[in-house]
Amino acid sequence: MTDTLRFPSLRSWVRHLVAEDHVAFANPGVSLKYELAAIASRLDGHKATLFPSPAGMDIPVVSGVVGRREWIADALGVSETELLDSFMAASNNPIPCAEVTNAPVQTNVQRDVDIFKHLPLPTHAAEDSGPYITAGLLIARNPDTGAQNVSINRLQASGPDRLGVLILPRHAHHYLEPVEARGEDFPVAIVIGVDPLTLLASQAIAPLDQDELEIAGALHGQALEVVKCVTSDVRVPAHAEIVLEGRVLAGVREPEGPFGEFPKYYGPRSDKHVIQIDAVTMRQNPLFHTILGGGLEHLLLGSIPREATILAHLRRTFTSVLDVHLSLGGVGRYHLYVKINKRQRGEAKNIIMGAFSAHYDIKHVTVVDDDVDVHDPEMVEWALATRFQADRDLVIVPNAQGSKLDPSNDDGFGAKMGMDATKPVGADPFTFLQTRIPGEDTVDLGAVLAGERPAIAALDDD
Ligand code: MN
């Protein structure tokens, strides 16, 4: 059945990246402590990196597999301009998973768990508390309804069969809380190494009880195959590389962190939930995926599903909104650029206020006209430089909810700023006409440029 999918697994996607010359191969034996991350970080956004037998271990590590926006569009089989609409269509039309009983990910089952011995666990940033699993999809199951939730949580390797985990008060936490209150452990699965569309779907801003794996199915255009865990009722992608099956221990909290997070600052050390690992299942010859905190893979996985949700949110009220972008300099969360076809005076300010309500992480909103490319930060800055006046076009909202990982605010309590960098309605069109050189976009440089330096007297004589 999955034979018909373009990329049913991480390995099939990595094979495609290799064929497209998007993968760099490290020498065997790279150190898991910092060196692997250093190499992957230097190549971030240029190439994915594959590390055969890092530190002499059997399992190769891959990083940066969705480190470019165009690769994500490629995985979806759409153009970059269709990316957000395509993601939103899938989010609105999820496809229930197809359960199988025989899954590649359960080829090897280990119940005598030692993650330090069997998994190549890298340490990334200088102040990280130690090795982390950073590309693990944590799957939680609503014990009453069977609805599942997928999220990527940072997972500290605390012991051979023990993980420290940050579970924010979102969907997985909602399922966990009543179970823990009864004094019972809460079964979870951690899935490492999935296809790029499942990776993207895991970050969808979906409602509670909407299984992100069903959005993955919709992105694939076909039900995602899942299999029941060997130690619990949790269902996991059948074509994943590695699954850790375990339980969040009731009433147990242990130190976790610090850990280098998406804003390129550290999340602090504090007491967090603990997962006891009961079994590890793997494909034959598995791949281990690691995501660099704050790297492009991390930022794009966070930003693209959010952009799709924010665009849909704004379009419900404002028909003039054409496109949105969460800039990478704004860590894929804090800086929103909105492109509009402005028709009414004041409209941009209403859109700024609407955008603040789309997600509390949004801190600074810049609204531009339809002749500005929101994916080009220099163009957005140009619009601010030439179409914005601070006394007239600036919106500031003090004392609002923001991101707790923004070190400039007070534990998530801080200011919002909106900038209207659009032309005034009814402005003289010539005043705001961008200069243009006829033929610049179409000139055939291969035809008009000389292959070698011509004889020019001024360059040849003293
Ligand atoms: Mn969810």
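These numbers come from the heavy atoms of this one structure, side chains and all, not from hydrogens, waters or symmetry mates. Sequential numbering from 1 along the given sequence is applied to the chain's residues. As the structure lists them, so they are numbered: ligands from 1, and atoms in each ligand from 1.
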Shortest non-hydrogen contact between V380 and Y337, atoms and distance |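 Nearest pair, atom of V380 first, then Y337: CG2-CD1, 3.6 Å.
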Looking only at heavy atoms, what is the nearest atom pair of P237 and I139, with distance?
-> CD-CD1, 3.9 Å
Considering just N/O/S atoms, say which atom of H171 is closest to the Mn ion (ligand 1).
->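 This turns out to be ND1.
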Nearest to the Mn ion (ligand 1), which N, O or S atom of E212 do we find?
->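 For E212, the N, O or S atom at the smallest distance from the Mn ion (ligand 1) is OE2.
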Should the pair D369-K342 be classified as a salt bridge under the 4.0 Å nitrogen-to-oxygen rule?
-> no
Please state whether the rings of H273 and H173 are parallel, tilted or perpendicular, taking 30° and 60° as the class boundaries.
->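 Answer is perpendicular, since the angle exceeds 60°.
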Look at Q210 and state whether any of its N, O or S atoms is less than 2.8 Å from the Mn ion (ligand 1).
->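 Short answer: no, not a single N, O or S atom is under the cut-off.
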